[in-house]
Engineer: 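Before anything else, here's the structure in question.
Whatever order the structure lists them in is the order used to number ligands and atoms, beginning at 1. Computed from a predicted model, the values in this text were never measured in an experiment.
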Amino acid sequence: MAERKPVIAGNWKMFKTGSEAKSFLAELKGKISGVQGVEVVVAPPFTALAQAAEAIKGSAIGLAAQNLHWEEQGAFTGEIAPAMLKDVGCGYVIIGHSERRQFFGESDESVNRKVKAALKHGLIPIMCVGETLAEREGGKIKEVIERQVRKGLDGLGADANLILAYEPVWAIGTGKTASPEQAEEVHLMIRELLKQTPGPDFSSRTRILYGGSVKADNIKSLMAKPNIDGALVGGAALKADSFSGIIRFKD
Ligand code: 13P
């Protein structure tokens, strides 16, 4: 099986100004110095990206945006193109977060266009999937996840470099984490799906992160599962203490 380096990514959502990003990252760098074997990524809002890029210079911390538009440029008021994200220093971009699907009308089709645009520009997509509570209770987990994964990755080559994130909607910001067993069950299902398309090599090397109320005190048990390769963290990624506690899950 391919060695998969764990990823701990912080999704800041609509929190922190540029100067807040700067002081947060200075503190975080101090708290995670010496940590090895973990890929750390932060995803500030667009307006804080430039200051965040400056603050992480010379460190191993990666920079992600929280969204992008699939077009190269043009009359798309309020949108941000892939090349603009590259220009400001991003290496990653979160795509299809459930909040975007829920509140901003994103569909599997738009997610797929965004994933392709990101890859074309050398950005690593962090593509999010996840079921709602109603879907889980209605026995639709497999159907929903399978649709989101298949449509989101439609047309990609087996050499595509991306990260997946499983974020059950009912676990986001609610304090209700999926149990490591519940998460592993879905991660394994995704891993199996990926074996069919894009293919076995893609499946064994692609990191699948868990997201939904991840904290320093539950990360260890999640990371102990064979198909959980990291975490996409919301609330607990906003304080250097709690985020570094998650990054240091091996300590
Ligand atoms: P919380 O960690 O606040 O539940 O958010 C998870 C999330 O949505 C990360 O993208």
Engineer: Got an N/O contact under 3.5 Å between E99 and ligand 1?
Structural biologist: no
Engineer: Can you find a non-hydrogen atom of G211 under 4.0 Å from ligand 1?
Structural biologist: no
Engineer: If only atom types and distance count, is the side chain of E184 paired as donor or acceptor with the main-chain N or O of E181 below 3.5 Å?
Structural biologist: no
Engineer: Does at least one non-hydrogen atom of A236 fall below 4.0 angstrom from an atom of ligand 1?
Structural biologist: no
Engineer: Looking at I61, is its backbone amide N or carbonyl O close enough to the side chain of K29 to form a donor-acceptor pair, meaning the two atoms are under 3.5 Å apart?
Structural biologist: no
Engineer: Please write down residue, atom name and distance for the protein heavy atom closest to atom 3 (O) of ligand 1.
Structural biologist: G235 N, 2.8 Å
Engineer: Measure A171 to ligand 1 on non-hydrogen atoms and call it side chain, backbone, both or neither using the 4.0 Å cut-off.
Structural biologist: backbone
Engineer: Provide, to 0.1 Å, the distance between atom 2 (O) of ligand 1 and the closest protein heavy atom, together with that atom's residue and name.
Structural biologist: G234 N, 2.9 Å
Engineer: With L63 as reference, evaluate L25, L49, V41 under the side-chain contact (heavy atoms from CB on, under 4.5 Å) test and give the passing residue.
Structural biologist: L49
Engineer: Taking only heavy atoms of G173, which atoms of ligand 1 are found under 4.0 Å from at least one of them?
Structural biologist: 1 (P), 3 (O), 4 (O)
Engineer: Say whether E39 and Y92, considering side chains only, have a donor N or O and an acceptor N or O under 3.5 Å apart.
Structural biologist: yes
Engineer: Taking the side chain as every heavy atom from C-beta outward, state whether V38 and K5 have any pair of such atoms under 4.5 Å apart.
Structural biologist: no
Engineer: Nearest 0.5 Å, what's the OG-CD1 distance between S242 and I219?
Structural biologist: 12.0 Å
Engineer: Kindly say whether I172 contributes a backbone atom to a donor-acceptor pair with the side chain of E167 at under 3.5 angstrom?
Structural biologist: no
Engineer: Taking a hydrophobic cluster as the set of Ile, Leu, Val, Met, Phe, Trp and Tyr residues connected by side-chain heavy atoms closer than 4.5 Å, whether directly or through intermediates, do W170 and I141 fall within one such cluster?
Structural biologist: no
Engineer: In ligand 1, which numbered atoms sit nearer than 4.0 Å to a non-hydrogen atom of E167?
Structural biologist: 6 (C), 7 (C), 8 (O), 9 (C), 10 (O)
Engineer: What do we get for I172 next to ligand 1 when only non-hydrogen atoms under 4.0 Å count, side chain, backbone, both or neither?
Structural biologist: both
Engineer: Measuring from non-hydrogen atoms of K13 to any atom of ligand 1, is the shortest distance under 4.0 Å?
Structural biologist: yes
Engineer: Taking only heavy atoms of G212, which atoms of ligand 1 are found under 4.0 Å from at least one of them?
Structural biologist: 4 (O), 6 (C)
Engineer: Quick check: is V40 connected to F24 through a chain of hydrophobic side chains (ILVMFWY, heavy atoms under 4.5 Å apart)?
Structural biologist: yes
Engineer: So for ligand 1, is L232 a polar contact partner (N or O within less than 3.5 Å, distance only)?
Structural biologist: no
Engineer: Taking distance alone, with N or O pairs closer than 3.5 Å, would you say T174 contacts ligand 1?
Structural biologist: no
Engineer: Under 4.0 Å from a heavy atom of S213: give me the atoms of ligand 1 that qualify, with their elements.
Structural biologist: 1 (P), 2 (O), 4 (O)
